[in-house]
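Have a look at the structure below before the remarks.
Because the structure is predicted, anything quoted here is derived from the model rather than measured.
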Amino acid sequence: MQIPFNKPFLVGKELEYIRQSVLSGKISGDGSFTKKCHQFFEERYGFLKTLLTTSCTDALEMCAILCNIKPGDEVIAPSYTFVSTVNAFVLRGARIRFIDSHADQPNMDENKIEEAISKKTRAIIPVHYAGAACNMEVILKTAKKHKLFVVEDAAQAIDSFYKGKPLGSLGDMSAFSFHETKNIISGEGGMIIINRKPFIRRAEIIREKGTNRSAFFRGEVNKYGWVDIGSSFLPSELIAAFLYAQLEHLDEIQNRRKAIWKKYHEALLPLELAGKIKLPVIPDYATNNAHMFYIVCRNLKERTALLSHLKSNGILAVFHYLSLHKSPFYKNFHGKKPLPNADRFTDCLVRLPLYFELSHAEQEKVIKEILKFFKG
Ligand SMILES: *Cc1c(COP(=O)(O)O)cnc(C)c1O
């Protein structure tokens, strides 16, 4: 039995909707499936404005443009995150001030933000790791005090909440991903959420190559032209058709993932109680959207041995981010400030197979091999 880390899946009418969109004669962007996706998100989560993008990376690049990031500006972000979180801002010339993770979970330590703020700081980028909310109250208060933008990297955070509010709705703007490794997928794909009215029009323009084509199609202007910078950030209808079919089954997908997550948690709890591993921590203010199930080993050597034990038994578990403050590209800009918690998650965190079609027998096998490794 080979058990992959992740597996893309069909859950409903994906192929039928792709066929429909081809037959309708329109497969470029902003057709009926794109509009259906926007409507779904705005109705279900109350987002002010939703725009599908070609990826979360692109949504983040739009955010950096919307925040008017200029060369020399500074942006505060966790080190333990994906490259795109900060690369989007570096493309506009920003310098990144990396913040450490919490000791018990990978989200950025909100108490370390204030000391990283300077006169040049423009934005804070919280990343909701594994779909569990950052401490948004503190982050939003700090941002307000220093007049900074908050851009949520909600790539992993679909259908997850902070004190009852949907993630993605708390910052000035936010970015989601539908990459095939996320809960809801479209291969590549993403979405920007705009939570402040004055940004909406400019977001539409940036997404449409710097033109006011969206306003033209609504009949608000009588010709469209080049009015700002931008790029081609809107996805094809084929992507939106696939995505919409997944959204129709969002609850089913979430319930299945949560069941898998809960089973891992119950089965591996004895290992945590025996002091052999740490399990995910979900703070009181956060919900669990079962984006990921991870365990934290005691050290790098043990993690390497665990991954190879699983691999030799046909199970692909994987580590995750390499702290960006130590990356070949950024280490010389970061300086010497140690970020020990980010480093520990870099060395010790393991993600277990978790996908919609993971069978009962497959999950049993993953659990059995982990217990065997730790002699649990
Ligand atoms: C997946 C992910 C991204 C990038 O998403 P794409 O849609 O692949 O561009 C960015 N940030 C985080 C935290 C992610 O997990």
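- Residues Arg201 and Asp228 are not paired through a salt bridge, judged by the lack of any N-O separation under 4.0 Å between the basic side chain and the carboxylate.
- Side-chain contact check for Ile76 versus Ile117: some heavy-atom pair is nearer than 4.5 Å.
- Salt bridge status for Glu362 with Lys7: absent, with no side-chain N to carboxylate O gap under 4.0 Å.
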Subject >> Working for side chain to side chain contact (heavy atoms under 4.5 Å, CB included), residues Ile3 and Tyr355 >> reply: CA-CA 10 Å; Ile3 305 174; Tyr355 48 89; 3.8 Å; yes
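- The ring of Tyr330 has its center closer than 6.0 angstrom to the ring center of Phe98.
- Partner of Glu252 under the side-chain contact (heavy atoms from CB on, under 4.5 Å) criterion, out of Glu248, His249, Gln254: His249 alone.
- A salt bridge links Lys326 with Asp343; the closest basic N to acidic carboxylate O contact falls under 4.0 Å.
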**OP:** List the steps, then state whether ring pair (Phe, Tyr, Trp, His ring centres under 6.0 Å) holds for Tyr162 with His128.
**Re:** CA-CA 10 Å; Tyr162 171 84; His128 306 298; 8.4 Å; no
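- Judged by distance alone, the side chain of Ser169 and the main-chain N or O of Pro166 form a donor-acceptor pair under 3.5 Å.
- More than 12 heavy-atom neighbours from other residues, nucleotides or ligands sit within 6.0 angstrom of OH on Tyr45.
- No donor-acceptor pair closer than 3.5 Å links the side chain of Asn288 to the backbone N or O of Ala132.
- Under the side-chain contact (heavy atoms from CB on, under 4.5 Å) rule, Lys276 has a single partner from Leu268, Ile370, Leu271, which is Leu271.
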